There are 2 protein chains.
Amino acid sequence: MADANRDPLDALGDPNRRAILRLLGASKRSVQEIASELPISRPAVSRHLRVLGEAGLVVDHRNGTRRVYELRDEGMLAVQRYLEQVWGDAAARFRLLAENTERTPDRD
Amino acid sequence: MADANRDPLDALGDPNRRAILRLLGASKRSVQEIASELPISRPAVSRHLRVLGEAGLVVDHRNGTRRVYELRDEGMLAVQRYLEQVWGDAAARFRLLAENTERTPDRD
DNA sequence: ACATTCCGTAACCCGAGGGTTACGGTAATC
DNA sequence: GATTACCGTAACCCTCGGGTTACGGAATGT
């Protein structure tokens, strides 16, 4: 999945995409699993996941016929940087702390 | 200005609104001043500012015929809470720090 | 080989939202 | 009182993004 130059805040501007991220925050999931928890079609979910991927918010791994998606920090950190740019010192302190506490990969 | 139940991430989903917030991050400004720095009309800016206000990201004060807008933390903190909800511990540590370092009101 | 499951993508539809101009109310100044 | 500056809002326009169904390729199991 290519990381296109899509702004993560553009991606976060849709409520269904935010709901998808909340699901993935709990555990990694396949497209089908995500779609079964939302009131939209599976192709719609697929489309949203593409947007989220291009924004650096998720990443996918093939598992047979399944594509399993999980969170990715890069897009989230870009959001933090925007907040720091706009809101200033408080956001800067926050960003440094977040980068020094990497999320462990055995999260699920 | 009423704080309606508008999600700040909805508000941040537009690039012109993000540009407005960046301008206000530098200093508080009137509608006209903001509009003169962006490639859109003054009524368009007015409309965006309304959205940002309802999302808790800005607040306005009357000053004669002018309405002067400045940043507000409430919406930004809601974004942080969403990030914490989704991305977890790192975001939680960040949020606690940000709340303990209030922005001083004599910012400009 | 065939059937089933999974999923990306094309094609189509349509409504939301972001653009505009015009209007009129408020405030300030002369 | 007249003029000017400021700004919210109405009305209109139209793009674009998010919804859908349909299709076909890949992977797996029988």
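All of these numbers come straight from a predicted model, not from anything done at the bench. Below, chain A is the first sequence line, B the second, and so on; all start at residue 1.
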S.K.: When you measure from the side-chain N and O atoms of B/H48 to the phosphate of C/dG19, is any distance below 4.0 Å, counting only OP1 and OP2?
M.R.: yes
S.K.: Mind checking what makes side-chain contact (heavy atoms from CB on, under 4.5 Å) contact with B/R29, not counting sequence neighbours?
M.R.: B/L23, B/L24, B/A26, B/S27, B/E33, B/I34, B/E37
S.K.: What verdict does the side chain to side chain contact (heavy atoms under 4.5 Å, CB included) test give for B/E84 and B/Q80, after you've listed the backbone C-alpha separation in whole Å, the side-chain angles of each residue and the deciding distance to 0.1 Å?
M.R.: CA-CA 6 Å; B/E84 169 197 342; B/Q80 302 288 9; over 6 Å; no
S.K.: Taking all non-hydrogen atoms of both residues, which atom of B/P8 and which atom of B/L57 are closest, and how far apart?
M.R.: O-CD1, 4.0 Å
S.K.: Please give me every residue in residues 31-40 of chain A whose heavy atoms get under 4.0 Å of an atom in DNA chain C, ordered by residue number.
M.R.: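 DNA chain C contact set from residues 31-40 of chain A: A/V31, A/Q32.
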S.K.: Atom pairs, N/O to N/O, protein against nucleotides 10-15 of chain C, distance under 3.5 Å?
M.R.:
none

S.K.: How far apart are the closest heavy atoms of B/R22 and A/Y82, and which atoms are they?
M.R.: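 In terms of heavy atoms, the two residues are closest at NH1-CE1, 3.4 Å.
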S.K.: Can you find a heavy atom in the side chain of A/V58 that is under 4.5 Å from one in the side chain of A/R72?
M.R.: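 Answer no - side chains too far apart.
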S.K.: Atom CZ of A/R50 and atom P of D/dG17: how far apart are they, to the nearest Å?
M.R.: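 My rounded result for the distance is 14 Å.
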S.K.: Got a second to check how far B/Q32's CD is from B/R42's CZ, nearest 0.5 Å?
M.R.: 7.0 Å
S.K.: Here's a test for you: under side chain to side chain contact (heavy atoms under 4.5 Å, CB included), which of A/D10, A/L9, A/D7 qualifies with B/L12?
M.R.: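 Result for side chain to side chain contact (heavy atoms under 4.5 Å, CB included) with B/L12: A/L9.
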S.K.: Suppose we screen for side chain to side chain donor-acceptor pair (under 3.5 Å). Which residues come up paired with B/R47, at least two apart in sequence or across chains?
M.R.: none
S.K.: Supply the atom-to-atom distance A/L49 CG to A/D60 CG, rounded to the nearest 0.5 angstrom.
M.R.: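 That separation rounds to 8.5 Å.
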S.K.: Please work out which residues in residues 15-23 of chain B have a non-hydrogen atom less than 4.0 Å from an atom of DNA chain C and list them by number.
M.R.: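 Going residue by residue through residues 15-23 of chain B, the ones with a heavy atom under 4.0 Å of DNA chain C turn out to be B/N16, B/R17.
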S.K.: Side-chain N or O of A/S41 versus OP1/OP2 of D/dG19: is the shortest distance under 4.0 Å?
M.R.: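 No, A/S41 has no side-chain N/O under 4.0 Å of OP1/OP2 on D/dG19.
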S.K.: What protein N or O atoms touch nucleotides 23-30 of chain D N or O atoms at under 3.5 angstrom, if any, and at what distances?
M.R.:
none

S.K.: Identify the heavy atoms of A/P15 and A/G13 that sit nearest to each other, and give their distance.
M.R.: CD-O, 4.0 Å
